[in-house]
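Convention: sequence-line order gives letters A, B, ...; per-chain numbering from 1.
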Amino acid sequence: MSANVETSSTVVDRFKDTTVGKAIFRSPRRVTPRDRAAGHWSNFFLHIYPVKVKRKAIEFRYSYYLGIISVVLFGSLIVSGIYLMFFYVPSPGQAYTNIQTLQTDVSLGQYIRNVHRWSAHLMVLAVAAHMAKMFYRGAYKAPREFNWIIGVILLVVTLLLSFTGYLLPWDQLAYWAVTVGSEMSAYVPFVGDRVQELLLGGPIVGSSTLLRFYVLHVAVLPSVLVMLLMIHLWRWRKDSMLDMAWEDGNE
Amino acid sequence: MSDESDVPVSIGHEPTSIGTKRVLGVVPGKPVAGERKDPEEQDLVMVWPHLLVRHAVAALGALFTVLLISVFFDAPLREVANPDVTPNPEKAPWYFAALQELLSHFHPLVAGVLVPGGVIVGLICLPFIDRNPRTAARFRKVAVTAFTIFMVVWILLTIVGFAFRGPNWGWVWPWNEWHGEL
């Protein structure tokens, strides 16, 4: 039996037994289920996951995997968005020509812009569908009320991210879509005009608007979204072991 | 249990060790955990590999979808922004199309402020409004019916605002004139 354990050693296992390997990996050799749990527990990348979940929670019909899909699309947006930032200046004189140059003269520019655009639309769809699925599963009920609330705010932040990004190409589509969208804020009672002016930085969509939307789009809103997402996932892990007040099963 | 089955069976000529323990014999009998049973919904499974492989497949599927769409469809780019030339129709992004459609029927205070504000506040308060603890749809007919009506109305308004509205927000058939913008 001891011979068996040794022969099943992989290169990774042997590396983990070296001085350097022991410095990096603290988990025990994966012999028993308890060791595997300990390995999971001590892994940075897996710490956002629980070690175990209920069997029903891994099935397609439980979630349609819409949560992980939303996260992956957000990751795709961060990567493609950072690439686009290298070639973009948020000023009315440059923004539009930057996009044209990006599409014609930059390696993979058109493709990366496409990825950013379509990931954004798909993320809005995925997050909204995730919310609907959680409603139909009754996943907003005790003891998970708070995570539902965080989720609703995440949906709002996703919409704001998409809306602020919509202006940045500075073409007719962007300009007038944002004009229509922001006109609604002017109807908020008493403070509507102020809200609109704060949002646009002036009476109409202009250079201040472009700068404001850019800063919101690349710094403020992504930070807010990441922060809320961390709370959402942390809470998901913490709540995954809790029983609902009433388990009706998966039907 | 019969006497015979409790007698340790010799496992060979040499003592075997696992770690620091020496194995002296193996006792035949029932599994320690009891009878085998069929897996149930509430049973726990390890996240690695059971959940993670599923997440990996879902993630690759999502990324591959984005890749395919991005290879075949270019993101739109119209003429440079011009504050003096208002396009007709003026369209908000598609996820605000339902609100824009409402705006053409109701006072802006209703369509632009009360409805979106009410939807967000209503969703946030939902866990405290719906106090029924049951989770299966057949035990929560009121909540499921109300939410489904809301979803259907919202999706219809979005489709109408996105695809069925043309110049001066007049009705168009999308197969005759297309005014949707993504």
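When heavy atoms are compared at a cutoff of 4.5 Å, B/M46 approaches chain A by way of both its backbone and its side chain. Interface residue B/V113: only side-chain heavy atoms are found under 4.5 Å from chain A. Heavy atoms of B/V85 lying under 4.5 Å from chain A belong to its backbone as well as its side chain. Both the backbone and the side chain of A/S162 come within contact range of chain B, judged by heavy atoms closer than 4.5 Å. For B/F128, the part lying near chain A is the side chain, with the backbone staying farther off; criterion is any non-hydrogen pair under 4.5 Å. Within the 4.5 angstrom heavy-atom criterion, only side-chain atoms of B/L103, from C-beta onward, approach chain A. Residue contact with chain A, scored on non-hydrogen atoms closer than 4.5 Å, is absent for B/P116. B/L52 touches chain A through its side chain: at least one heavy atom from C-beta onward sits under 4.5 Å away, while N, CA, C and O do not.
Remark: aromatic rings of B/H55 and A/Y49 are close, center separation under 6.0 Å. Aromatic ring centroids of B/Y95 and A/F163 lie 6.0 Å or more apart.
Remark: the A/D35 side chain and the A/T32 side chain contain an N/O donor-acceptor pair separated by less than 3.5 Å.
Annotation: maximal heavy-atom pairing with chain A below 4.5 Å, among B/G117, B/P83, B/A58, B/A59, occurs at B/P83. Counting heavy-atom pairs closer than 4.5 Å to chain B, the top residue among A/M131, A/Q100, A/H116 is A/M131. Between chain A and the options B/A62, B/A92, B/G61, the largest number of non-hydrogen pairs under 4.5 Å is found for B/A92. The candidate with the highest count of non-hydrogen atom pairs below 4.5 Å against chain B, out of A/L46, A/V51, A/V188, is A/V51.
Between A/K52 and B/D43 there is no salt bridge, since none of the side-chain N atoms of the basic residue sits less than 4.0 Å from a carboxylate O of the acidic one.
Here the closest heavy-atom approach between residue B/I129 and residue B/G122 is recorded as CD1-O, 4.2 Å.
B/W173 and B/W171 have perpendicular rings, their planes meeting at more than 60° on a 0 to 90° scale where under 30° would count as parallel. Ring planes of A/Y140 and A/F135: parallel class, angle under 30° (limits at 30 and 60°).
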